[in-house]
Amino acid sequence: MNIVLFGPPGAGKGTQADILKRDLGLAHLSTGDMLRAAVAAETELGLQAKAIMEEGKLVPDEVITGVVADRIDAPDCANGFILDGFPRTLPQAEALDTMLAEKGKRLHAVVEVRVPDEVLISRIEKRAAETGGERADDNAETLKRRLAVYHEQTAPVLPYYESRGVLHVIDGDRPVEEVTAAIKAALR
Ligand code: AMP
C-alpha cells in the first residue's frame, strides 16, 4: 500500500508515519528528513536547500521530485510506503503520478490530517520550548510563514486528490492514538 500523509507543518504527520511504519510495515519517506540529512551532510542538495528551509519556503519542485523518485526505488519501498511532506505543490502531485505510473505503482490513499492554524501555532511553541530550538525552522514566526506557504501552494493539491476519489480527511486535533485509529479505519 502506497499512501500520502497530507497536512500542514506540525499536524503530526511524522508521528503518525512512524506508527504506521511500525504497524503496517511500510517505509516512511519524509522529504523534510531527507533534506535535513542532506543539509547536515553538506551535500550539494543540502547546500541548495539550507537557506530555503530556514526561510520556511519550498525547495524547487524538480529538485525534490528527483529525490523522491530515487528513494521510491529502494528495496524497503517494495512493500509500500508512506510519503510525509510530499507532494507539496500541484506539479509535485503530477510528477508523483507520472513516476508511479512509470514504475508500475499507484497511490492507494491520501490522508489529510486536518488541524486548525491556531492549534498548530501553540503546538510548535511547545515543541520549540521542549527541544530547545533544535530545528532551525521550529519557531512561531517561521511556522506562520510555513503555514502561509501551506495554504497558498500545498492545500490546492487537495482537490486534485479529491477528484480522484482517494482523499480521506481525518481530524488531527485529538490524541495521537485516536488519530492513528482514524487513519487505519480510513485505510481499511
Ligand atoms: P517538513 O519537515 O516536511 O516540514 O519539511 C521541512 C522543510 O523542508 C520545508 O519547510 C521545506 O523547506 C522543505 N521541504 C520538505 N518537503 C518538501 C517538498 N515536498 N517540496 C519542497 N520543499 C520541501
Side-chain angles (χ1 to χ4, degrees), residues 2-21 26-72 74 77 81-100 107 110-115 117 119-128 130-131 133-158 160-161 172 179 183:
N2 304 318
I3 64 178
V4 168
L5 271 188
F6 203 96
K13 300 187 297 293
T15 303
Q16 293 300 329
D18 279 337
I19 297 169
L20 296 172
K21 172 184 171 166
L26 303 170
H28 174 191
L29 274 47
S30 157
T31 45
D33 284 351
M34 293 175 209
L35 290 169
R36 280 184 287 278
V39 170
E42 298 182 346
T43 63
E44 199 182 314
L45 169 67
L47 296 175
Q48 201 181 343
K50 190 171 189 283
I52 298 173
M53 292 173 74
E54 282 172 2
E55 284 179 45
K57 294 182 181 159
L58 298 183
V59 305
D61 288 333
E62 57 281 9
V63 172
I64 197 68
T65 301
V67 171
V68 172
D70 287 346
R71 183 63 184 85
I72 283 176
C77 291
F81 52 80
I82 308 158
L83 282 166
D84 158 16
F86 181 95
R88 255 178 160 96
T89 64
L90 209 45
Q92 290 181 19
E94 289 163 351
L96 176 63
D97 275 349
T98 306
M99 78 175 81
L100 290 178
L107 214 50
V110 175
V111 178
E112 179 196 356
V113 182
R114 192 173 283 184
V115 182
D117 284 9
V119 174
L120 296 170
I121 291 166
S122 69
R123 276 190 192 176
I124 206 112
E125 282 169 341
K126 203 169 144 229
R127 184 160 86 179
E130 281 168 5
T131 61
E134 194 179 287
R135 270 178 61 169
D137 61 357
D138 241 2
N139 60 66
E141 196 195 318
T142 311
L143 176 73
K144 283 177 192 157
R145 227 173 309 143
R146 296 171 76 218
L147 282 174
V149 169
Y150 177 78
H151 291 297
E152 280 162 27
Q153 301 188 56
T154 305
V157 178
L158 290 168
Y160 177 86
Y161 287 126
V179 177
I183 295 174

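First listed ligand is number 1; within each ligand, the first listed atom is number 1. Remember, it's a predicted structure, so these values are computed and weren't measured experimentally. Atoms considered below: every heavy atom in the structure, side chains included; atoms not considered: hydrogens, waters and symmetry mates.
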Practice task
Number the atoms of ligand 1 from 1 as they appear, then name those within less than 4.0 Å of a heavy atom of I64, with their elements.
Solution key: 18 (C), 19 (N), 20 (N)
Handout entry: Main-chain N/O of G10 paired with R123 side-chain donor or acceptor, under 3.5 Å
Key = yes
Practice task
Check each atom of ligand 1 against the heavy atoms of V59 and keep those under 4.0 Å away; list them by number with element.
Solution key: 21 (C), 22 (N)
Handout entry: Close side-chain approach of V59 to V67, heavy-atom, < 4.5 Å
Key = no
Handout entry: Atoms in ligand 1 flagged as close to Q92, the criterion being non-hydrogen separation under 4.0 Å
Key = 18 (C), 19 (N), 20 (N), 21 (C)
Exercise for the section: Give yes or no for whether the N/O distance cutoff of 3.5 Å, strictly under, is met between R146 and ligand 1. Expected result: yes
Practice task
Identify whether the distance between the nearest side-chain nitrogen and carboxylate oxygen of K21 and D18 falls below 4.0 Å.
Solution key: no
Handout entry: Any K13 heavy atom less than 4.0 Å to ligand 1
Key = no
Practice task
Would you mind finding which of M34, R145, R88 brings a heavy atom closest to atom 9 (C) of ligand 1?
Solution key: R88
Problem - Donor-acceptor under 3.5 Å (K13 side chain, G85 main chain) - result: no
Practice task
Using a 4.0 Å heavy-atom cut-off, say whether L35 meets ligand 1 through its side chain, its backbone, both or neither.
Solution key: side chain
Practice task
Output the list of atoms in ligand 1 that are nearer than 4.0 Å to some heavy atom of T31, sorted by atom number.
Solution key: 15 (C), 16 (N), 17 (C), 19 (N)
Exercise for the section: Answer whether the closest heavy-atom distance between the side chains of E125 and I121 falls below 4.5 Å. Expected result: yes
Completion exercise
ligand 1 atoms nearer than 4.0 angstrom to some heavy atom of F86 are 19 (N)
Handout entry: Any N/O pair R36/ligand 1 closer than 3.5 Å
Key = yes
Problem - Interatomic distance, I82 atom CD1 to L5 atom CG [nearest 0.5 angstrom] - result: 6.5 Å
Problem - Pairs where residues 81-91 contributes a residue and the test side-chain hydrogen bond (donor to acceptor under 3.5 Å, both in side chains) is met, not counting sequence neighbours - result: H28-D84, D61-T89
